[in-house]
Amino acid sequence: MADYDRGPRDGGRGRGNYNNNNRKRRYRDDDDFDRRPQRRRYEEPLSVKVRRQLLSIAESALKRVEDEIVSIAKTVCDNYEDEELRNSFYDLVIQLVVEQPFKTPFVAAVVLVVNTMRAEMVAEILKRATERVNTCVQMGEWRETKLLMKFLGGLQGALEGDGVWLVLQDLLSKAIDLQTENNEETIGPELVKIILFTIPYIMASSATDMQEKAAGMVENADIIASEPHVLQALVDPYPGNGNEEATAPNGVLSLLQKQLQGEAANGWELSCLPRPWKVLLETEQENPLASTTKHPLPAIVIPEAVTAGPRPLFPELYFSVYAHQDVETVPPMTDIASCLLRDALVDTINILDFNRNATARFLIDIDCYFSPDTFVKRATPFDRLRDVEGDKSTWKPEDVAVDAVFSQLFQLPSPEHKLVYYHSILTESCKLAPAAIAPSLGRAIRFLYRNVDSMDLELSYRFMDWFAHHLSNFGFTWKWTEWIDDVELPGTDPKKAFIEGALDKEIRLSFAQRIKGTLPAPYQQLITEGKEKDTPDFKYNDDAVPFAQEGRAILALLKRKAPEDEIQPVIDQIRQLALDMNLPDPLVPSTDAYMTSICYIGSKSLSHVLSSIERCRERLLAIGPRSSDARKQIIDSVMDYWKDQPGIGVNIVDKLLNYTILSPGSVIEWAVSQHGNRLSMSYVYEMVSLTIGKVTGRTRQVVRSSKVPGLTAEQRTLVVQSMQAERKSMKDLFALMEDSLVSWATGSKDQVMQSGDGTSDEEAVIRQWGERWLRVFRRKYAVEEAWFVEVEKVPVIDVAPGEGVLANGNADKVDEVEMKDDGIE
Amino acid sequence: MPGPVRNTVDRLDKPSAYYQARNKKRRYRDDDDRERERTPEEPADDPLKDAATLYVGNLSFYTTEEQIHELFAKCGEIKRLIMGLDRFNKTPCGFCFVEYYTHQDALDCMKYIGGTKLDERIIRTDLDPGFQEGRQYGRGKSGGQVRDEYREEYDEGRGGLGRAIQAERLKEEEEYGKGR
């Protein structure tokens, strides 16, 4: 990762300007870049100017943020009559708070300054903010509720009486009610999270004399906050896998609770939070804070029935890749800064998924948004941290930022967005500030690699997938030399499995020769000759292979698109030969010859293999129902033909599932029932999780469609029946997995079935793989069940008999989702 | 609630300026009259409203379907992948269409994959109203993409210099040879 690509942007533009005065038109670029504005410049409306100022508040390290705050507030108040300006200001204040959480304290400060000049504007902002909170609470938008509460917390100093505390009290009562009823529910903790994250922002606000209230609130929240949630074990990223070093997971709530107790004891120092409102103290007025208007906080009503909202809620654990270094580069878990920074970062990341460049900018600029001494200077090398004097901070802003991205990438059961989003932020951050970010990533990778065997299997797969994808954006450079010792490990070792999996993924994004060129000598053996071949050999070209002649005959027939009645005789011939040889299932060798020929003919590209499968579809479809061994042979043939490029094989298996030539059960059986060492291969895991994902995705779709309102009684019975059938087959599939995996995990799988040379060491390793697989797929099943329980809660209203028209309309919708699995057209 | 709120930062899942400009031009030309008749309350139906297809550009000629699949499947299952081909040689000419099952997957792809690297080139993605037969071929004079006709920079992944320039140079050389 030593080389970085810098965009061509700057270079190109600079050159153009240099030529500006006496230039000849030489390149098109000159025209594109040098053209001066030809239209008359126009004065931009004030609302646009203020919008720009407010949007970029605190972004620049060159401007003093206090001046920005005063200037914005003054413009807005001086032009109070400008309705467009006023309204766009109100809107933007709220929107900034919910879209760019880093800026909340600064926006709050603007509002506080406005309060000294135009108090009625603050009343309006409070009205709008609380309206929005009420909507969010109704809809179960808990994150947005939290963001608005943090903002209101920052305005506590301009509020009458108890202000925000009353809302927190209501939230807490609700949470306690919920938890008393059922301690497995997840909304209660979510509400407590809002409370606990609001408190620091009140305590860092201009409000005074709040210590007692804060301490009381923290104490009252304790019964929920310090209790580890029952589902916590389900989402533990480092379950250990027999590794004794594994540590108990840290729930974010209980962690924050402890930190708040610490702050309460230390007079609420909250040193990382900025206090831009202090600009108010710079006026000549005596005690300006006390003299401003205090507003009543409009009512915020917590509804009787609260909903979980758009995202499934699971307990949140605090994850860090930098927790165990000899010099602190991120706040330790004992410091409240760890939770406060993480919370703001994670919200920023997840909210701004629609512009990864903006997100990356925020990550790089994080030090602009917290108090000035929170971090060391950007891009300070790790080795220099030891030279930092006294009790000055050694926290590296880039480590704190990168840590937060990893916490999402490794979020269980799944993060808010597709994993590739989190890849893309790391890529962009690395492009923006390579010298700062790349070394941080390097240290993160080393930590993750070192602990790859005690990590949850799903997460170690995510790590590998990210690693390969990331390298593909940076010329595939990595210091492979540091893992050279691990190249000699057996293939079932988790570290070796990681290396092999990562190299395979790199090759898939590039090509074997290219990747080989990036590797030190000891790794070269891993890129076999077979991997460098575009078209794998057709095994039946070798006469030593059984049924070689027949295999070649089938290939020739398929190549010239011969009709079925010419192919059948050759299949029969294989069948006869197999019977003569006393093979258990004569359909197996003929299927092998047939499928291998299809693969060979389609070896040129994915669309080639798809069209050749398409042509042979009928015969392939007929195989499965006749013999499950033959169906498994289809997978064997594909994976054997593509053994050197298993990614292509996995892809073909995926398409065969869509054509229903394979059943999900056959894929699971192929993967986990026969060969223990398959559990260590990342592509096998990939194949199984793709298959499971397809099944659960379909089941969810069917469940959702069984929820369309306004059906007649018969229609309802029908959809419910098909939904139950779908759920049953999903459950059976998980049970099938469970059976095989339990026997691997407990070592009760009949080892004689294996090649036989399994040493006891090897067996222990396989047992661990079994355990890791089991944990992942048990979790996946639990997540599906939890999802179903949530969906079942939603009441469905049906029509009374006689309102058939509407009902039919909806029944069509039910048909529509009958489904993409039926094949691609 | 009023119409969609403008975000505080730009969105990456909007169609490109290229697409929008082309559409505008077309509208001026073709349905100038219809445009005028349309009442402001019923906005033109947006062909990208449910688009699940992406145009992908700036690929290397050597990038394979499998490589594209590997990257783009990170945003969702791919329904169809159509390689852009040279109109005459039927060889890849540096673009493709990726079709997902859902509109959301296509939007996510715009946000997370457009502008990142594939096969060590920064690729471009653009929402597309949907593939139609014929669009898989380059529209340049010599069969490839138009942008590869007059390109003055040497691009190894896309056949060196622009083809028209290569042809011109070849001609010059030949003529020079004859003259001697």
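Heavy-atom basis, side chains included; hydrogens, waters and symmetry copies ignored.
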B/Val9 and A/Arg361, any side-chain heavy atoms less than 4.5 Å apart: no
Note, A/His469 side chain near B/Glu70 side chain (heavy atom, < 4.5 Å): no
Portion of B/Met110 that has a non-hydrogen atom of chain A nearer than 4.5 angstrom: backbone
Chain A contact via B/Asp108 - side chain, backbone, both or neither, heavy atoms under 4.5 Å: side chain
Top contributor to chain B interface from A/His417, A/Gln95, A/Glu428 [non-hydrogen pairs under 4.5 Å]: A/Gln95
Positions in residues 351-360 of chain A that reach chain B, provided some heavy atom is under 4.5 Å away: A/Leu352, A/Asp353, A/Phe354, A/Asn355, A/Arg356, A/Asn357, A/Ala358
Stepwise side-chain contact (heavy atoms from CB on, under 4.5 Å) check, B/Cys75 with A/Val420: CA-CA 7 Å; B/Cys75 276; A/Val420 61; 3.8 Å; yes
Residue pair A/Ser607 / B/Glu65, side-chain donor-acceptor N/O under 3.5 Å: yes
Engaged part of B/Thr116 at the chain A interface, taking heavy atoms whose separation is under 4.5 Å: both
OH/A/Tyr461: more than 12 non-hydrogen atoms of other groups inside 6.0 Å: yes
Portion of A/Tyr422 that has a non-hydrogen atom of chain B nearer than 4.5 angstrom: neither
CD (A/Gln513) with more than 12 external heavy atoms under 6.0 Å: no
Heavy-atom pair of closest approach, residues A/Ser510 and B/Glu120: OG-OE2, 4.4 Å
A/Leu509 versus chain B, the contacting section by heavy-atom distance below 4.5 Å: both
Interface moiety of A/Leu55 toward chain B, non-hydrogen atoms closer than 4.5 Å: side chain
Student check: side-chain heavy atoms of B/Tyr112 and A/Lys418 closer than 4.5 Å: yes
Separation of A/Ser472 OG from B/Leu118 CG (nearest 0.5 Å): 7.5 Å
Atom pair CD1 (B/Ile122) and NZ (A/Lys431), whose distance is rounded to the nearest 0.5 Å: 4.0 Å
Which portion of A/Leu92 sits near chain B, non-hydrogen atoms under 4.5 angstrom: side chain
Interface moiety of B/Ile113 toward chain A, non-hydrogen atoms closer than 4.5 Å: both
Option that, when pairs with chain A are counted at under 4.5 Å, heavy atom only, ranks first among B/Leu71, B/Leu81, B/Asp13: B/Leu71
Polar side chain donor-acceptor pair, B/Glu66 to A/Asn651, under 3.5 angstrom: no
A/Glu84 atom CD, over 12 foreign heavy atoms within 6.0 Å: no
A/Asn658 versus B/Glu77, side-chain donor and acceptor atoms under 3.5 Å: yes
Carboxylate-amine/guanidinium contact B/Lys74 A/Asp465, below 4.0 Å: yes
